[in-house]
Q: 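Encoded as structure tokens, here's the structure I'll be asking about.
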Amino acid sequence: MTPTPAGRQPGPVLAVALLAAGAVAWAAVPMSGARAGARLALVAAAWCAVASVARTATVIASERPGAARRRAGRYLSPDPGARLELRSVLTAAPWAQGLTVAVVVLEALHRPRPWHTVLLGVVMLGYLLALHLAESAAGPAALRPQLPLIIAGLGLAGLAGGAALLPATSAGAGWLSVTAALAAVIVAGLALPV
Amino acid sequence: MPVRWRLSRHARRLVTLALAGLFLAVITSRPEFAGIAAPAVLLLIPVRSRRPATVGVTLASGADQVIEGEQGVIAVRITGQGDVTAWVRLRPAAWITPGEATLGADGWFQLPFRAELWGTRQPGALEVILHDRWRLAEGRIVIDLPATSCYPAPARMDSLVVLSKLPIRLGEHAARAAGEGMEFAGVREFVPGDRQRRINWPATTRRGTLQLNTFAAERSQAVVVIADVSTDVGPAGSSSVDLAIRAAVGTTSAYLAARDRVGLISFGRQVRWIGPAPGRRQARRIMDLIMTSSDAGQQVDAMTRLPHAALPAGALVIVFSPLLSLRMVEALRELRERRLATVVVDVLCAEPSVNLGLRIRDRRAIELARRIWRMEQQAIRFSIRELGIPVVHWDGVQRLDEPLAPFTRRAMVNRS
């Protein structure tokens, strides 16, 4: 997969924006039955979604041919200097991670609705993959090698959604907690410096 | 070179989704959140794939000399990366505009860049970015690039100022004296010993006696360019020094192309010079003098007169100066005393600015100071003109021919 920043189009940014907005809206509705703190999580999610889309658009615009030339050799008055500062903050902060956490927390603050949650997971995965494609200027074909893993992951998500519909017992709930904790340890191990 | 690998941004986002989902699954005992985490966990599995610890980076020479505003290319080859994707990028230094890298069929990356301002400087740092097949890990190598000499873009000058009295030295300028040149000068009566092939038969028929065509002699002249770099005013890129240097390079190139003997005096804190000489080697020496900022040369404060070796008698002197240095004005007076034909090209294109944050009374005082400054500048130019030295203004945008047009249309009279 070879990045070709010169050929970047606004399409991927649009996809990222739509998926981010869809994830926030899907996790938020209905707000009436949500627990306390849902409104705060919604605000955080909306803010992170906007910032994430703005960041992606900024990164793509800065890599457009001629963008560097427009920047070079300019004497900056205080106003554009502050704008550059804002831009550096916008591009440095992990807005996508913030959106991920805020959306999942917002969903957790609602009453249990397994299939709704699983679908939110699918939208979130789509958002992350679209963001990845937009940043790397690659086409959807770049995801082909990962297709088996994505399908397997979606299958597991479906199983989890189905498991949530089973009648809960106290023993089952404990087993689930231990399994999830073990999986968290595995993920943490994978995330250690490589 | 050793590669520092770390999780890519994509991988970090997947880790966040996985951890958030699993954490909430444990806290809330709701297995559907583990389902949210599942695809992210699976996509993170290949993060432990094999990656090279070192790669080879070869930089080809060829980008060490460029001309201001023109494109240079850095050629880079990455070896030993295996099945990892490699890409290169230029982290540009000031006044460097990077282009998009392209990978050639020969395996070399071509990384174009453009230097926007003359001078010797590093174009920046070369960044090699490596990605594994899944784009979950990202390796980076940053290499400082060697310094590049960016030569000033020469100001365009198509017509030359030529003196009325030229020294007896073979060249390309038509002199007033008759000689063996190509330019027709007139007709005179044939005297024994003249070449028969030069007989003008129509004139001979009209006058009844043998008439001969005469031609102008072709001579060269000595030209000395003085670049005043003692004061630098104006925005970078179009400051007085930038303009003076571009004009000096354009002028010396034009006269050297006309086979004249050309010299340069760099009039800064130190006065450095190269005596007039013809040829391509002289062009190289002049460029080297401009590009090097050594402390060699004579201190301008300790100097009483301009160097005689650099200013031969009968030379044409073209001065590019913002006329802000009194030393320069004294030097012009000295040139006049030596009876050298001199033209001053004023390259001052900036005025003292007024800070808008000041109080109105202060702003009025500054505006008054600026008016006094303008009048002082006008007085300096008037005094130079009164000495008999023409002063023209060049804005750095138009061709040098335009301000020098009054002197290029006919030969400039020199009295030496």
Side-chain angles (χ1 to χ4, degrees), chain A residues 1-6 65 68-69 72-73 75 94 96-97 100-101 104-105 107-108 112-115 117-118 120-122 124-125 128 131-132 135-136 142 145-146 149-150 152-161 163-164 168 173 176-177 179-181 183-184 186-188 190-191 193-194, chain B residues 5-48 51 85 87 90 92 94-100 103 114 116-117 129 131 133-137 235-237:
Chain A
M1 183 163 50
T2 304
T4 51
R69 178 167 165 67
Y75 278 84
Q97 278 110 309
T100 305
V101 172
V104 176
V105 168
E107 177 65 16
R113 40 185 186 175
W115 291 115
T117 307
V118 169
L120 176 69
V122 173
M124 281 309 294
L125 184 69
L128 292 184
L131 194 59
H132 169 53
E135 281 180 352
S136 57
Q146 303 175 49
L149 294 175
I150 294 171
L154 293 177
L156 280 176
L159 280 176
L176 173 67
S177 301
T179 310
I186 292 166
V187 171
L190 288 168
V194 283
Chain B
W5 289 97
R6 59 175 194 161
L7 284 181
S8 69
R9 210 174 267 162
H10 174 54
R12 289 200 296 269
R13 288 193 286 255
L14 288 175
V15 167
T16 306
L17 180 61
L19 287 177
L22 291 170
F23 180 75
L24 282 171
V26 172
I27 293 291
T28 60
S29 299
R30 284 161 64 177
E32 62 267 29
F33 282 102
I36 284 185
V41 173
L42 291 185
L43 283 172
L44 280 168
I45 287 174
V47 81
R48 290 279 179 187
R51 294 182 293 269
T85 309
W87 197 250
L90 180 65
W95 297 103
I96 297 290
T97 303
E100 305 299 339
L103 178 59
R114 185 168 48 221
E116 305 288 354
L117 186 63
I129 305 156
H131 283 118
R133 191 180 163 212
W134 313 91
R135 286 199 158 239
L136 294 172

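Excluded from the calculations below are hydrogen atoms, water molecules and symmetry mates; all remaining heavy atoms, backbone and side chain alike, are included. First the proteins, then the strands, lettered A, B, ... as listed; each starts at 1.
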Q: Are any non-hydrogen side-chain atoms of A/S136 and B/R135 less than 4.5 angstrom apart?
A: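 Answer yes - side chains close enough.
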Q: How long is the straight-line distance from OG1 of A/T100 back to CD1 of B/I36, given to the nearest 0.5 Å?
A: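 Reported to 0.5 Å precision, the distance equals 10.5 Å.
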Q: Minimum heavy-atom separation for B/A38 to A/L156, with atom names?
A: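 The pair with the smallest heavy-atom distance is CB-CB, 3.6 Å.
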Q: Should A/V104 and B/L17 count as side-chain neighbours, where that means a heavy-atom distance under 4.5 Å?
A: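 In short, these two side chains touch, coming nearer than 4.5 Å.
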Q: Show the nearest heavy-atom pair for residues A/A160 and B/P31, with the distance to one decimal.
A: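 Smallest interatomic distance, heavy atoms only, reads CB-O, 3.4 Å.
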Q: How would you list, by chain and number, every residue that makes a side-chain contact (heavy atoms from CB on, under 4.5 Å) with A/A96, sequence neighbours excluded?
A: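 For A/A96, the residues satisfying side-chain contact (heavy atoms from CB on, under 4.5 Å) (neighbours in sequence not counted) are A/S52, A/Y127, A/L131, B/R13.
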Q: Who passes side-chain contact (heavy atoms from CB on, under 4.5 Å) against B/P46, sequence neighbours left out?
A: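 Residues passing side-chain contact (heavy atoms from CB on, under 4.5 Å) with B/P46: A/L149, B/W134, B/L136.
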Q: A/V101 and B/A20: which non-hydrogen atoms are nearest, and at how many Å?
A: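 Looking at all heavy atoms of both residues, the shortest contact is CG2-CB, 4.5 Å.
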Q: Which heavy-atom pair separates A/P112 from B/R30 by the least distance, and what is that distance?
A: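 In this case the closest contact between A/P112 and B/R30 is CA-NH2, 3.5 Å.
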Q: Looking only at heavy atoms and a cut-off of under 4.5 Å, which of A/L120, A/V105, A/T117 has the most pairs with chain B?
A: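 Of the options given, most contacts go to A/T117.
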Q: Please state whether the side chain, the backbone, both or neither of B/L24 comes within less than 4.5 Å of a heavy atom of chain A.
A: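 Just its side chain gets close to chain A.
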Q: Answer yes or no: is there a side-chain heavy-atom contact under 4.5 Å between A/L125 and B/L43?
A: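 The answer is yes, as the side chains (C-beta and beyond) meet within the 4.5 Å cut-off.
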